[in-house]
Amino acid sequence: MVCPCDWPEPIVRVQSLSESGTPIIPERYIKPPLDRPSLNTSPQDINIPLIDMSGLTNDNLTVHEATLKQISDACRDWGFFQVVNHGLRAELVDGVREIWREFFHESMDVKQKYANSPKTYEGYGSRLGVQKGAILDWSDYYFLHYLPSSLKDHNKWPEKPSSLRELVEEYSKDIVRLGNVLLEAFSINLGLKHDYLQNAFGGEDVGACLRVNFYPKCPQPDLTLGLSSHSDPGGITFLLPDENVSGLQVRRDQKWITVKPVRHGIIVNVGDQIQVLSNGIYKSVEHRVIVNPNNERVSLAYFYNPKSDLLIHPSPELITPERPPMYPSMTFDEYRLFIRTKGPQGKSQVESLKSPR
Ligand code: OGA
Ligand code: NI
């Protein structure tokens, strides 16, 4: 695949469409009937597991092990969980979400200075994928790199509001720390050496990038999606949701479960690279976002990824005669070209890699 260098069509900011007050959404945002939000939704009382991360540093071994077990079960059964007592200050998580909300309410001139291209995706964007005529999602976003440091460039982060860069720095540092802690927990839970996954991700040289999603109010929420069904291509995703407006749905047994965020919690999910490294023991789970007519929604998806030029393959220790390697070796750079070209497409990428039996 060659590098997709520019958008196939002029970019329309969904926020501008929403603010125009039109009661009808353009055809480009109307999903085929089977993809629309109303079908196959689960009862409201189901939620993804909630895990108290302070259990991992508890001196009481029973508590420590029970927490590891909760993480293990959540990775195997759900691919998604919510964490509290994760070590990030409450003011920081609220502050960073609200400063990004302010950014999206800056004037269009301020935002357009950072308009992105599919070459790197960095900056202010309104679509994922470069296929001409594709049906689009009801959202805008901002994408930036934190690690590796060689890719971090504060000039590509918004200059306004004035404390944004500082807050994003602090938030990023904490998320990377949380990523390191969870990689160790995953390694232990999979029966690997405690630093196996960290090393497989490149040790100190992991990647970390942030996608801030802005879902404007939508006059016809039953016809579209804020973000189409996909699994995350990377390692682990840390999602800071909007506490007041739900929207994230996780696929489970052919049904969609709407996640109910807990206060100051962070939603964690397994990405495709962990599915590959664990040889399919952990699965990256499909998810999508629905929108609504009365409220905008802001979320921060932090992607904690392997160093992009390392070969990622199933851990030899998780390969047995009964469980041969399910996926070929590939670098994350090669892997993510798919979503960057085709846009969100459920789990079709990782599924297509499966070795024929
Ligand atoms: C993502 C994502 C969910 C959300 O950005 O990959 O799944 O709730 N976001 O915004
Ligand atoms: Ni996602």
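One-based numbering, in listed order, for ligands and for the atoms of each.
- Annotation for F103 and K111: closest pair CZ-CG, 3.5 Å, computed over non-hydrogen atoms.
- In terms of protein heavy atoms, atom 5 (O) of ligand 1 is closest to N213 ND2, 3.1 Å.
- Close to ligand 1: H230, with a non-hydrogen atom less than 4.0 angstrom away.
- Defined by atom type and a distance below 3.5 Å, a donor-acceptor pair is present between the side-chain atoms of D272 and S231.
- Protein heavy atom closest to atom 8 (O) of ligand 1, with residue, atom name and distance, is R297 NH2, 2.9 Å.
- The aromatic rings of F143 and H145 stand perpendicular to each other, their planes meeting at an angle above 60°, with 30° marking the opposite boundary.
- Every atom of ligand 1 is numbered from 1 in the order shown, and the set under 4.0 Å from a heavy atom of H287 is 7 (O).
- Taking every non-hydrogen atom of R211 and a distance limit under 4.0 Å, the qualifying atoms of ligand 1 come out as 5 (O).
- In this structure, Y141 falls outside the shell of residues with a heavy atom less than 4.0 angstrom from ligand 1.
- The single protein non-hydrogen atom nearest to atom 3 (C) of ligand 1 is V289 CG2, 3.6 Å, given as residue, atom name and distance.
- With respect to atom 1 (C) of ligand 1, the closest heavy atom belonging to the protein is L227 CD2, 3.6 Å.
- Between D137 and P344, the shortest heavy-atom distance links the atoms OD2-CG, 3.8 Å.
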